[in-house]
Every structure is written in C-alpha cells, then in structure tokens.
Amino acid sequence: MEKIIQNIDIKAIRKDFPILSQQVNGKPLIYFDNAATNQKPSSVIHALTSYYSHDNANIHRGNHTLADRATAAFEDTRKAVQQFIEAKEAEEIIFTSGTTESINLVASTYGRANIKEGDEIIISGMEHHSNIVPWQLLCEEKGAVLKVIPVNELGEIEFSKFEQLLSEKTKIVSIVFASNSLGTINPIRKIIDKSHQFGAIVLVDGAQAAAHLEIDVVELDCDFFALSAHKMYGPTGVGVLYGKRELLESIPPYKGGGEMIKEVTFENTTYNDIPYKFEAGTPNIADVIAFKNAIEFINKIGKETIAEHEIELLAYATEKIKKIDRVKIIGEAKEKVSVLSFIVDDIHHFDIGQMMDARGIAVRTGHHCTQPLMHQFNIEGTVRASFSVYNTKEEIDELIISLEKIIKIL
Amino acid sequence: MSINEIQDQIINDFSLLDGDMEMSNIYLMELGQKLTDLPEKDKIEDNVVKGCQSKVWLTAELNNDNVVFYADSNTAITKGLVSLLVRVYSNQSPQDILNSELYFIEKIGMSRFIGTQRSNGFGAMIKQMKLYAIALQAKTE
C-alpha cells in the first residue's frame with residue numbers, strides 16, 4: 001500500500017484545484033475544512049460553465065437537440081452514481097438537494113406511510129442534526145418514540161446497547177456511516193444485519209463517508225443511503241437518495257409537481273415511475289451533470305488510494321497534536337475517517353479558529369451541527385481539521401506550528 | 001468625546017497594524033483584557049446576546065442621563081470587539097446612540113463580524129445596545 005501512496009502526485013493534484021493557489025490574510029491558504037465541503041477540481045468547474053455555454057435546456061420532455069444533450073448528460077450522472085455505490089439499477093438513484101433532503105424525503109414518505117403510534121426509531125448519539133430533527137418531527141406527528149444508541153468516551157457507539165434497544169417495535173434505524181464531528185466509522189454492516197433481524201429498515205447517512213470509504217449498497221444491504229455531492233469534490237445543491245426498488249415503489253411521492261406525474265386530471269393523478277416519482281420540478285441540472293466529473297475525479301485516483309493518503313495525514317496530525325500540552329483530541333475511535341477534532345484547555349475554539357484564519361488556515365469551530373454529542377462530551381464545541389486528497393504533511397506541520405504559537409499567545 | 005471622535009480614534013489606533021489580521025486579533029484580545037469585568041451576578045441568561053459560538057453578556061444603566069454599558073464575553077477576540085463597542089457608546093446620551101452610525105467596524109477590517117450573528121453575536125450586540133438606549137431614553141424623559 002505504501003507504494004501506491006508514493007505514486008500519488010499531490011503537487012499535480014493540487015494544480016487541478018484553482019482555489020488552493022490563493023493567499024488568505026497574506027498567507028498561502030491551507031484548507032482543512034473538508035468535512036464541511038471540499039474543493040472542486042477544474043473538471044467540475046469546467047463542466048458547469050460548459051453546460052451553460054453549450055447544452056443548457058430543460059430535461060426529459062424537450063423535443064430538440066439541446067434538451068436531448070442535457071437529458072443524456074443528466075442521466076449519465078445517475079448511471080455514474082449507480083456504479084459508484086454499486087446499486088443494482090440506475091432507477092434506484094434519486095437526485096435531491098443534499099443529504100438533509102434525502103433523509104427528510106425518507107422520513108416524510110416511508111416514515112409517514114409506515115410509522116404508527118408506539119413504533120420506535122433508532123438513531124445514534126453522534127448524529128448530525130439533519131439525522132435527528134426529521135425523525136423528531138415524524139415521532140411527534142405519529143406518537144412514535146426516538147431511541148438513541150449511546151456513544152462511549154472514545155466516540156464509538158456501544159453496540160451491545162444498540163442490541164438492547166432493538167425490538168419488534170423498531171421500524172427504522174437511521175445511522176451515520178462516518179461521524180462529521182469525530183470521524184468515527186460505524187460498524188454499518190453489523191448494524192444493518194442486526195436491524196434486519198428485527199424487521200427494521202436501515203437508512204445510512206453517508207455524507208461524510210462517500211468520498212472516503214468503499215460503498216457497495218447491495219453488499220451492505222442497506223435500505224436507503226444518502227449522500228451529498230459537495231462533500232465529494234462535486235457541486236453544492238446536489239444529493240442522492242439510494243433506495244431499494246421495492247421500497248421506493250411502495251412509498252408515496254415526496255413533492256408534487258411536474259416530472260413526477262404520469263397523468264393529471266382534476267379528479268386524479270397517477271405518478272411516474274421511480275426515480276422520477278421523487279423528482280418533482282426542474283432539478284438542479286447543471287450541478288447534477290458536473291457531479292459526474294467529481295465521481296470521475298475520485299475514480300481516476302482511486303478511492304482506496306485517496307483513503308490511504310488521508311489516513312496517513314490523519315495519523316501524522318494525530319501523533320503531532322498529541323504532543324502539544326493542553327490539547328485534547330475529541331473522538332479517538334479505532335476506525336476513523338480523516339477528521340481531527342480537538343479542544344485546548346482554557347482557550348475557546350472560536351478564538352483558535354480566528355487566529356488560524358489570520359494565518360491562512362481554514363478550520364471549522366463550533367458544535368458541527370451535533371449539539372447532543374457535544375453535550376455528552378460536556379463541551380460547547382471543538383476545533384476541527386479535516387483532510388482531503390490535496391492536503392499535505394507540510395500543511396499539517398504548519399497547523400501544528402500555528403497551534404503551538406496560538407496557545408502561547410492566548 | 002463624541003461617538004464619532006471615538007470611532008476616529010479607534011480607526012487611527014488600528015491603522016498602525018496595517019491590516020495584519022493576526023496583530024489585529026492580538027490587539028483585540030489585549031483590549032478585551034482591559035475591559036472591566038462584568039460581575040458574576042450579571043452573567044445570567046437574561047443578559048446574554050446570543051451567538052452561535054461565543055456568548056456576550058450586556059447590561060446598561062443611566063448615569064447623569066448618559067448610558068453606561070457593561071459587557072463581557074467567553075471568547076477573547078469577541079471580548080475585544082465588545083470592548084470597542086462599550087468604548088464608543090458608553091457615557092453617551094441615548095439620543096446620540098440612536099442617531100449614530102457605526103463606521104469604525106468596517107474601517108478596521110472587522111465587518112466580517114457584522115451580520116454573522118451565528119458566529120459571535122457581535123451584530124446582535126449592536127442592536128441590543130440601541131434597544132437599551134431606547135429603553136433608557138424613556139427614563140430620562
């Protein structure tokens with residue numbers, strides 16, 4: 001594996017990201033906020049301008065050349081996503097605005113149609129607000145109960161506690177693959193198998209995992225899988241909901257409008273087939289099309305190679321940061337994606353973020369939309385550095401030097 | 001000194017830093033340290049100006065028909081920003097505060113803190129100071 005890593009030409013990769021060559025506050029930009037959104041390669045940026053320069057048209061119903069081109073490109077991305085997550089059919093891929101909408105879609109369609117009073121939905125203690133609130137809304141509406149798998153001090157879910165929570169009442173388990181604030185990779189396969197034994201369906205929030213981990217939805221046997229393009233080198237405003245065909249066919253539509261219908265009369269409307277049943281209105285055509293270039297970017301380097309590089313960066317940064325006095329890492333799970341969350345004794349994360357920014361280093365500070373998790377660790381928030389394929393050890397050295405200086409100053 | 005004279009003084013002080021963000025942050029933290037501490041009894045939820053990442057506490061009282069502000073923050077840089085607002089608006093009449101236009105924030109390169117209530121509550125604090133001025137103005141009449 002070492003050999004593959006050496007084969008990555010980070011310098012060449014960095015050249016492909018125009019945004020990285022700028023200075024911020026007089027210093028070369030070091031972008032470590034990749035868990036929030038990562039940067040876009042030239043091919044993605046070019047695809048956006050090229051679409052609007054040459055192919056812009058509304059898709060699917062046009063009867064002219066541009067509409068045909070736009071439709072073909074849009075559907076090509078669906079096929080690329082299908083292959084990327086190893087789904088059986090392209091029809092199982094629904095485009096949404098992002099992971100948040102994907103989860104809301106399942107809660108409002110599958111959830112509304114299937115959840116009854118007294119039913120139980122299980123999430124974990126490390127969920128993003130977008131995988132908490134939609135279920136709270138559903139539980140409130142239906143009189144169902146939300147159960148939470150506890151997280152231990154390392155930031156790992158307590159699997160035995162999860163097993164205790166499962167029962168015949170469990171209808172949905174919705175769980176994050178990789179935590180955005182801690183980096184923890186959850187044992188998704190085991191969770192899915194166990195949930196299925198009790199007849200519950202499983203939604204996997206793959207937002208943070210999609211660019212870093214191998215995903216095979218058939219092998220995982222998950223019922224739904226949600227991801228966001230912008231966390232995988234793609235444009236903002238595009239997400240995916242994968243669902244098993246029989247589930248998608250059995251649940252009611254999400255939004256009403258154009259595209260999602262077969263026939264409309266004032267008395268009755270029949271719905272289109274999947275995936276169109278869930279794609280009402282003109283979709284985010286340009287960004288969906290450019291998303292394919294992002295997938296190609298990942299495929300070209302190879303997800304395994306990207307992951308190896310990122311994990312090496314994480315290990316390097318973790319080792320160095322541990323040597324700094326007063327620094328405590330939050331989230332020390334055995335299996336992690338490249339997210340390094342930490343706090344410094346007596347220094348507020350907001351001040352660290354501001355001081356890092358003054359030195360050209362972009363990190364995220366705050367609760368990372370996981371307030372319940374922060375409460376558990378008894379903290380208001382953390383400083384989070386997260387790494388992508390274009391980051392380097394030299395940049396991490398700069399982060400460490402800066403952190404040491406900032407701690408001295410503050 | 002008038003509100004605008006104080007604003008001009010602050011702009012002048014910051015001009016020596018030549019837009020260096022790190023030096024500006026350090027200077028802000030020094031200013032924050034000099035701010036009179038808010039008594040612990042006043043650090044209560046009712047006095048909090050909400051921000052997403054840092055907390056600001058703000059109280060005010062009348063002194064010879066002028067408003068005196070007391071403030072604090074749990075983050076060092078925000079406390080520095082808060083101290084600047086206290087410096088500009090304390091010991092001014094409610095009417096002068098309400099008529100004022102804050103231009104120093106942009107001139108010292110800190111406009112990123114305004115309108116980002118989510119991150120530090122600074123924008124919300126300015127609004128709260130003016131609300132105090134309205135409330136205290138009623139008492140002077």
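Note that the coordinates shown come from a computational prediction; the quantities given were computed from them, not determined experimentally.
Scanning residues 83-104 of chain B against chain A with a 4.5 Å heavy-atom cutoff picks out nothing at all. Contacts with chain A (heavy atom to heavy atom, under 4.5 Å) involve these residues of residues 27-39 of chain B, listed by number: Met29(B). Within residues 394-410 of chain A, the residues having any heavy atom closer than 4.5 Å to a heavy atom of chain B are Ile409(A), Leu410(A), listed by residue number.
Of all non-hydrogen atoms in Gln354(A) and Asn25(B), the two that sit nearest each other are O-ND2, 3.3 Å. Minimum heavy-atom separation, Ala76(B) to Asp351(A): N-OD2, 2.5 Å.
Lys43(B) NZ: more than 12 foreign heavy atoms inside a 6.0 Å radius. The local environment of CG in Asn64(B) is sparse, with at most 12 non-hydrogen atoms from other residues, nucleotides or ligands closer than 6.0 Å. Counting heavy atoms of neighbouring residues, nucleotides and ligands inside a 6.0 Å radius, atom CD of Glu140(A) does not exceed 12 of them.
In this view, Phe69(B) satisfies the ring pair (Phe, Tyr, Trp, His ring centres under 6.0 Å) rule with no residue, not counting sequence neighbours.
His348(A) contributes atom NE2, which lies 11.0 Å from atom CD1 of Ile77(B) (distance to the nearest 0.5 angstrom).
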